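Here's the structure, in structure tokens; my notes come after.
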There are 2 protein chains.
Amino acid sequence: MTTIRDVAKAAGVSTATVSAVINESAYVSPDLRQRVLKAVSDLRYAPSQVARNLKHGRTQLIALAVADLANPFYARIVWAAEAAAAKWGYSVVVFNSDENPDTEKGVIDRIRALGCDGSVIVPVGGAEDYSAGRLREGAPVVLLGRSVDDPGLDTVSIDNRSAGERATSYLLDLGHTRIGSITGPLHLSTGRGRYDGMLMAMQARGLAPSPDHVRSGAFREDVAYSVARDLLQRPDRPSALYVANGVMALGTMRAISDLGLRCPEDISVASTDNIAGIGGIKPRLTRTEHPVLEMTGEAMRMLVDRMRGTVETPGRTVVFQPALVVGDSCAPVR
Amino acid sequence: MTTIRDVAKAAGVSTATVSAVINESAYVSPDLRQRVLKAVSDLRYAPSQVARNLKHGRTQLIALAVADLANPFYARIVWAAEAAAAKWGYSVVVFNSDENPDTEKGVIDRIRALGCDGSVIVPVGGAEDYSAGRLREGAPVVLLGRSVDDPGLDTVSIDNRSAGERATSYLLDLGHTRIGSITGPLHLSTGRGRYDGMLMAMQARGLAPSPDHVRSGAFREDVAYSVARDLLQRPDRPSALYVANGVMALGTMRAISDLGLRCPEDISVASTDNIAGIGGIKPRLTRTEHPVLEMTGEAMRMLVDRMRGTVETPGRTVVFQPALVVGDSCAPVR
DNA sequence: CAAATGTAGCGAAACGGTTAGCTGAGCGCC
DNA sequence: GGCGCTCAGCTAACCGTTTCGCTACATTTG
């Protein structure tokens with residue numbers, strides 16, 4: 001490996017001069033400059049980022065730990081985060097917490113060991129895991145998508161209640177009263193919030209879902225499939241379902257299809273989030289959507305602000321609002 | 001930040017002893033060991049990975065550069081790669097080449113600058129970009145999904161011809177003769193191979209697609225949508241389409257839907273690759289599938305082998321075979 | 001008891017950069 | 001002509017580890 005010393009020797013200058021030329025950090029006379037540049041290209045020299053990192057105490061790395069990399073929702077976040085990071089000159093190291101607090105602990109250890117300059121985390125565990133000390137000190141954290149009970153943490157989240165409320169209200173407007181729900185884990189802000197929103201919407205009309213019509217489970221396609229299958233085979237099955245996220249909606253649709261039911265004729269389905277780009281496939285899901293790209297961009301911007309030390313305010317929270325997108329997975333009640 | 005020197009001072013030993021305790025790299029007497037461990041936990045000391053990296057010349061980082069992070073196919077690769085890397089003790093830095101050779105050049109520069117120990121790349125440009133020298137010397141590269149014309153490079157790819165051939169043969173078996181195609185860019189091994197496979201299948205029955213029925217374009221949903229829309233509005237539109245990948249198939253379905261056509265009644269669609277997990281939505285795509293997880297795992301294994309210097313053989317190529325998965329997006333010709 | 005052997009732990013030199021601070025040449029001014 | 005100023009470029013310290021080679025002490029051997 002060629003080092004800055006090799007270049008210095010070849011050009012007949014000191015390493016300080018080579019460094020100055022490379023970083024344009026000081027004036028170097030034109031002829032020395034030329035000699036250095038020639039030596040650099042002759043030797044195909046590339047400065048070691050690792051050595052720079054050690055000197056500067058930075059790594060130019062941003063960690064992105066998402067709850068479930070297999071979920072297209074988080075895949076989009078990875079996409080958006082990479083783009084934003086590249087714009088700021090950072091690279092993104094991805095981690096998968098796999099919806100498992102223990103796995104997440106390991107992830108946090110790895111993030112610290114790598115010395116990432118900052119982290120965007122979709123939290124899976126409790127608040128204590130993300131606060132100061134667990135990650136590298138001086139390396140800021142922004143929570144994305146879910147919130148935990150710690151106002152000191154920067155958080156970019158979504159209005160889950162509003163999402164549940166709007167989707168449910170849409171079903172109510174169509175005349176449905178026996179509405180069931182397939183929700184996420186209720187200890188997560190996303191699961192709890194969306195379900196609470198649903199309850200609020202129904203309450204506002206003097207209704208409440210039958211306990212038999214509400215199932216909660218992991219945010220996964222296969223989990224939703226099996227609970228939906230179970231739910232839909234009840235003799236008193238609901239006429240409409242509110243499903244808590246995109247992959248669960250897909251699982252629900254698969255269950256409906258496998259049971260020989262039709263959507264929306266036999267059962268209406270509304271959800272929060274869908275799978276991007278499947279608009280041409282029937283039925284098109286009626287759902288609330290979150291601006292994933294903007295949210296991720298905002299989280300990255302908050303993180304960069306912190307890393308640069310620009311902001312000193314205590315934890316800021318930005319909440320994005322969902323939008324209702326009407327497809328054709330819902331029909332008026334018969 | 002607490003350093004190894006702080007710990008050494010607190011424990012009344014030398015830094016060498018602290019290092020020996022931490023890495024268990026030499027015998028240290030029990031009482032010194034205890035003193036060191038106490039100091040470590042008192043000071044909440046965590047060794048700087050950056051300094052270790054400099055010393056060892058490694059970073060424990062694997063770069064993963066995919067062609068298009070917005071494409072769920074590559075999102076799955078990210079998922080699989082992260083899981084494999086974690087198993088081997090590495091972390092994954094993701095990059096998006098965005099199907100753009102210029103962007104990819106920049107990505108390769110960033111990979112080199114970070115000093116990644118190895119790279120898995122879904123190539124977007126020409127062979128010259130990936131060979132020795134462009135990336136850090138001694139840092140191996142494995143090409144994934146697509147191949148370029150350089151037998152010296154380790155490559156994990158798929159049998160694109162077979163994919164195109166099998167999907168097309170299925171349509172032919174249903175009696176279709178006027179088969180059109182929406183293909184990817186023909187300068188990429190994936191685009192070219194799949195199209196060639198289609199041609200081979202038709203040729204074997206003495207047929208050939210009408211040039212008017214073949215459209216090529218970027219592997220993107222919106223591109224496929226517009227070319228499909230155009231193609232399907234021709235008075236002599238084909239009775240079946242072979243579409244070159246998953247997101248293009250979605251775009252095609254959206255075009256079919258928007259034009260008021262029905263699939264499979266009005267037009268049959270077969271593709272290579274689909275979007276994972278959308279099995280419950282109608283129509284279910286008939287397509288060939290590649291074992292993405294296994295492929296990615298294999299690529300990672302080849303990379304780790306190289307990084308450990310276990311294998312010295314020149315470029316190895318592993319080709320995976322597609323499987324035909326029959327859905328209900330194809331009907332016999334009327 | 002002196003010499004030889006073994007070894008726990010230490011000091012200091014790397015790793016490859018950056019940068020503070022110094023040197024000394026060139027120049028203007030009194 | 002001497003003084004001081006400017007500033008291009010150099011020397012060397014430093015970032016936080018690991019590790020080679022050494023010291024000094026304890027133990028065994030003749």
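All figures in this text were calculated on a predicted structure; none of them were measured in a lab.
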Query raised in the report: Ion pair present between Asp102(A) and Lys105(A), side-chain N to carboxylate O less than 4.0 angstrom?
Result: no
Query - Nucleotide dT18(C), atom P - distance to CZ of Arg58(A) in whole Å - result: 11 Å
Report task. Take the protein atom CG of Asn53(B) and the nucleotide atom P of dT18(D), then report the distance between them rounded to whole Å. Result -> 11 Å
Query raised in the report: Which whole-number value in Å describes the distance from Lys9(A) NZ to dG16(C) P?
Result: 13 Å
Report task. Over all heavy atoms of both residues, which pair between Leu303(A) and Ser119(A) is shortest? Give the atoms and the distance, please. Result -> CD1-O, 3.5 Å
Report task. Look at the side chain of Leu32(A) and decide which nucleotide, out of dT17(D), dG9(D), dG16(C), has an atom nearest to it. Result -> dG9(D)
Query - Out of dA8(D), dC10(C), dT19(C), whichever nucleotide has its closest atom nearest the side chain of Tyr27(A) - result: dA8(D)
Report task. Provide, to the nearest angstrom, the distance between the CG atom belonging to Leu54(B) and the P atom belonging to dA14(C). Result -> 14 Å
Query - Closest to side chain of Ser14(A), choosing from dT11(D), dG17(C), dT18(D) - result: dT11(D)
Query raised in the report: So what does Thr17(A) hit on the nucleic acid, given a heavy-atom distance under 4.0 Å: a base, only sugar-phosphate, or nothing?
Result: sugar-phosphate
Report summary line: From the candidates dT18(D), dG16(D), dG17(C), the one with an atom nearest any side-chain atom of Asn23(B) is dT18(D)
Query raised in the report: Among dT18(C), dG16(C), dT18(D), which nucleotide sits nearest the side chain of Arg5(A)?
Result: dG16(C)
Report summary line: Out of dC15(D), dG9(D), dC10(D), minimum distance to the side chain of Ser29(A) belongs to dG9(D)
Query - Working for side chain to side chain donor-acceptor pair (under 3.5 Å), residues Asn71(B) and Arg76(B) - result: CA-CA 9 Å; Asn71(B) 183 333; Arg76(B) 276 171 70 83; over 6 Å; no
Query raised in the report: Given atom CD of Glu24(A) and atom C1' of dT19(C), what is their separation to the nearest angstrom?
Result: 17 Å
Query - 5' precedence on DNA chain C between Gly12(B) and Arg52(A) (nearest-nucleotide basis) - result: Gly12(B)
Report task. Taking only the side-chain heavy atoms of His56(A) (C-beta and beyond), determine which of dT17(D), dT19(C), dA12(C) contains the nearest atom. Result -> dT19(C)
Requested in this report: Quick one: closest heavy-atom pair of Val124(B) and Ser97(B), and the distance?
Outcome: CG2-CB, 3.7 Å
Query - Heavy-atom neighbours of Arg220(A) CZ exceed 12 at 6.0 Å - result: no
**Report entry** Distance, rounded to the nearest Å, where Ile4(B) contributes CD1 and dC14(D) contributes P
**Finding:** 18 Å
Query raised in the report: Which of the following nucleotides, dT17(D), dG17(C), dG9(D), is nearest to the side chain of Thr3(B)?
Result: dT17(D)
Report task. Just call it for Val50(A): base, sugar-phosphate, or nothing, with non-hydrogen atoms closer than 4.0 Å on any strand. Result -> nothing
Query raised in the report: The side chain of Thr15(B) lies closest to which of these nucleotides: dG16(D), dA12(C), dT18(C)?
Result: dA12(C)
Query - Glu104(B) bridged to Arg146(B) by N-O distance under 4.0 Å - result: no
Query raised in the report: Reckon Val28(A) touches a base, only the sugar-phosphate, or nothing at all at heavy-atom distances under 4.0 Å?
Result: sugar-phosphate
Query raised in the report: Does Ser48(A) put a side-chain nitrogen or oxygen below 4.0 Å from OP1 or OP2 of dG17(C)?
Result: no
Query raised in the report: When you measure from the side chain of Lys55(A), which nucleotide among dG9(C), dC15(D), dA8(C) comes out closest?
Result: dC15(D)
